[in-house]
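The first residue of the sequence shown is numbered 1, and numbering continues consecutively from there.
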Amino acid sequence: MGLGRQIRQEHQKEPSDAELLAAHVAGDRYAFEELFYRHHRKLHRVARLTSRSSEDAEDALQEAMLSAHRSAGSFRQDAAVSSWLYRIVVNACLDRLRRNKAHPTAALDDAYLITDRTAQVETAIAVERALMRLPIEQRAAVVAVDMHGYSVADTARML
């Protein structure tokens, strides 16, 4: 039985992110998987908003999770585990965007057809278009502060 599952059975509650990361470092084969699935949706959304395409977002997220898996032992406990994961994903996206800078881009107005006219969808599309017009570093900061609720100071440390 993995340490993450053992911790949960002993405490009859979900282990914290820090407990899962510590269990992973201690050799629990399933702890990092549980940590990843706990944050997957949020991390995927961050990758998608920071990247230029869904393919780049998927690749960057995979690179980031491999990096986090390998470097978990160096986590210093000076921030939340979720912030640490977020920073690794954003950095992987930024690295990928810098490497792929030579890719041609299409104007966002021509790239998307709006077929669903509900106000919520229109607003989401407008926000995404505006985000994609920002320089990479500014986009990452806006997503962190305005969409994920990190403080400006935490965002500055992450980026």
Side-chain angles (χ1 to χ4, degrees), residues 2 4 16-18 20-25 27-116 120-152 154-159:
S16 70
D17 291 347
L20 284 173
L21 193 61
H24 164 66
V25 171
D28 183 339
R29 293 178 13 160
Y30 302 102
F32 192 84
E33 177 183 13
E34 190 171 334
L35 183 65
F36 171 73
Y37 283 118
R38 181 178 289 179
H39 295 284
H40 178 261
R41 290 181 68 144
K42 182 178 177 181
L43 296 173
H44 184 268
R45 184 165 187 245
V46 166
R48 180 63 187 102
L49 288 170
T50 308
S51 299
R52 291 261 183 217
S53 71
S54 58
E55 293 83 16
D56 282 346
E58 292 291 336
D59 290 344
L61 182 58
Q62 184 175 1
E63 290 169 11
M65 290 302 95
L66 284 171
S67 176
H69 188 273
R70 291 180 185 133
S71 64
S74 65
F75 179 67
R76 296 185 312 255
Q77 305 286 336
D78 59 349
V81 172
S82 60
S83 297
W84 176 71
L85 291 171
Y86 180 92
R87 181 176 59 238
I88 292 171
V89 170
V90 169
N91 287 339
C93 291
L94 296 177
D95 290 345
R96 180 167 278 282
L97 285 169
R98 287 183 195 113
R99 280 194 311 264
N100 297 334
K101 222 174 193 177
H103 285 207
T105 58
L108 288 174
D109 293 332
D110 299 331
Y112 297 100
L113 288 175
I114 301 174
T115 57
D116 186 354
Q120 186 178 13
V121 171
E122 288 176 354
T123 300
I125 290 171
V127 168
E128 186 168 351
R129 284 181 178 168
L131 279 172
M132 297 311 275
R133 288 186 180 117
L134 291 174
I136 297 166
E137 290 80 9
Q138 289 178 3
R139 185 179 333 141
V142 168
V143 168
V145 174
D146 292 330
M147 299 178 97
H148 291 286
Y150 289 99
S151 70
V152 172
D154 286 343
T155 300
R157 279 191 298 276
M158 285 190 294
L159 301 176

Partners of [X] by side chain to side chain donor-acceptor pair (under 3.5 Å), sequence neighbours excluded?
| X | result |
| --- | --- |
| His44 | Glu58 |
| Ser151 | Asp154 |
| Arg70 | none |

From [X] [atom1] over to [Y] [atom2], what is the distance, rounded to the nearest 0.5 angstrom?
| X | Y | atom1 | atom2 | result |
| --- | --- | --- | --- | --- |
| Leu85 | Phe36 | CG | CZ | 9.5 Å |
| Arg96 | Ser53 | CZ | OG | 8.5 Å |
| Asp56 | Leu61 | CG | CG | 12.5 Å |
| Leu21 | Glu34 | CG | CD | 12.5 Å |
| Leu97 | Ile136 | CG | CD1 | 4.5 Å |
| Leu35 | His40 | CG | NE2 | 12.5 Å |

**OP:** Name all pairs fulfilling the side chain to side chain donor-acceptor pair (under 3.5 Å) condition that reach into residues 79-95, sequence neighbours left out, sorted by first residue then second.
**Re:** Asp95-Arg98

Original post:
In terms of ring plane angle, is the pair His69 and Phe32 parallel, tilted or perpendicular, where the classes change at 30° and 60°?
Top reply: perpendicular

**OP:** Flag yes if more than 12 heavy atoms outside Glu137 fall under 6.0 Å of its CD atom; otherwise flag no.
**Re:** yes

Original post:
Of all residues at least two apart in sequence or in a different chain, which pass the side chain to side chain contact (heavy atoms under 4.5 Å, CB included) check with Ala92?
Top reply: Ala60, Ala64

**OP:** Tell me, please, which residues at least two apart from Leu134 pass side chain to side chain contact (heavy atoms under 4.5 Å, CB included).
**Re:**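 By the side chain to side chain contact (heavy atoms under 4.5 Å, CB included) rule, Leu134 matches Leu131, Gln138, Arg139, Val142.
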
Original post:
Quick one: are Val143 and Arg45 in side-chain contact, heavy atoms under 4.5 Å?
Top reply: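 No. Closest side-chain heavy atoms not under 4.5 Å.
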
**OP:** For Ala140 and Val90, work out which heavy atoms get closest and say how close.
**Re:**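 Answer, listing the atom of Ala140 first, then Val90: CB-CG1, 3.7 Å.
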
Original post:
Given the rule in the side chain to side chain contact (heavy atoms under 4.5 Å, CB included) test, do Asp17 and His39 qualify, once you have shown the distances and angles that lead to the verdict?
Top reply: CA-CA 10 Å; Asp17 291 347; His39 295 284; 2.8 Å; yes

